[in-house]
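Following: one structure in structure tokens, then a few remarks.
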Amino acid sequence: MKIAITCVKKDKDSMIDERFGRCNYFTIYDTESKSFEHVENKGVTSAQGAGIAAGQQLLDHGVEALITGHVGPNAMKILQSGNVSIYKCSGKNIKEEIDLLLDNKLENINNAVPPHSGMRNRHGRA
């Protein structure tokens with residue numbers, strides 16, 4: 001199984017980025033090979049449709065589970081269409097989040113946040 005985690009740095013020791021479409025990187029962990037891959041989020045530079053681009057990118061990588069903080073409505077549709085299970089991060093680093101998921105200790109995310117929630121800090125809104 002491939003697990004994607006939204007993160008702030010291209011490093012397996014990075015902290016989680018709670019944004020999905022506007023995170024800087026995805027770390028993808030393969031449970032079979034126990035290997036990490038770090039990829040730049042294609043959605044981060046999109047003027048519009050960041051969540052859609054990010055969601056499609058994860059489907060193209062064969063991801064089956066996602067650990068993040070928030071997912072917008074369009075990204076949620078893309079991810080659900082690809083049968084990606086989405087889990088709420090707990091504020092740990094990547095390795096700890098993966099361990100929590102594999103121990104079934106992370107909460108499922110089944111509802112999207114309002115559109116453009118990942119843009120709030122960029123425009124100074126709360």
Is [Y] reachable from [X] through a run of I, L, V, M, F, W or Y residues, each pair having side-chain heavy atoms under 4.5 Å apart?
X: Ile52; Y: Val39; result: yes
X: Ile86; Y: Ile3; result: no
X: Leu106; Y: Val71; result: no
X: Met15; Y: Leu66; result: no

Answer whether the closest heavy-atom distance between the side chains of [X] and [Y] falls below 4.5 Å.
X: Tyr25; Y: Val8; answer: no
X: Glu18; Y: Thr6; answer: no
X: Met1; Y: Val63; answer: no
X: Ile67; Y: Leu101; answer: yes
X: Glu97; Y: Ile94; answer: no
X: Glu64; Y: Val84; answer: no

Atom CG of Asn108: over 12 foreign heavy atoms under 6.0 Å
yes
Any salt bridge between Asp30 and Lys34, counting N to O under 4.0 Å?
no
Residues Asp17, Arg19: salt bridge by 4.0 Å N-O rule
yes
Heavy-atom pair of closest approach, residues [X] and [Y]:
X: Ala75; Y: Gly51; value: CB-O, 3.5 Å
X: Ile109; Y: Asn111; value: CG2-O, 3.5 Å
X: Ala54; Y: Gly21; value: CB-CA, 4.2 Å

Rounded to the nearest 0.5 Å, what's the gap from [atom1] on [X] to [atom2] on [Y]? Could you check?
X: Ile5; Y: Ile28; atom1: CD1; atom2: CD1; answer: 8.5 Å
X: Lys95; Y: Asp13; atom1: NZ; atom2: CG; answer: 10.5 Å
X: Phe20; Y: Asn74; atom1: CZ; atom2: CG; answer: 11.5 Å
X: His38; Y: Lys9; atom1: NE2; atom2: NZ; answer: 12.5 Å
X: Tyr87; Y: Asn104; atom1: OH; atom2: CG; answer: 7.0 Å
X: Phe26; Y: His61; atom1: CZ; atom2: NE2; answer: 9.0 Å

Going through the checks in order, is the side-chain contact (heavy atoms from CB on, under 4.5 Å) test met by Asn41 and Asn24?
CA-CA 6 Å; Asn41 176 10; Asn24 291 324; over 6 Å; no
Only residue of Cys7, Cys89, Ser90 satisfying side-chain contact (heavy atoms from CB on, under 4.5 Å) with Ile16 is Cys89
Report yes or no: does Glu96 contribute a side-chain atom to a donor-acceptor pair with the main-chain N or O of Asn93 at less than 3.5 Å?
yes
For Ala53, is there any backbone N or O sitting under 3.5 Å from a side-chain donor or acceptor partner on Lys42?
no
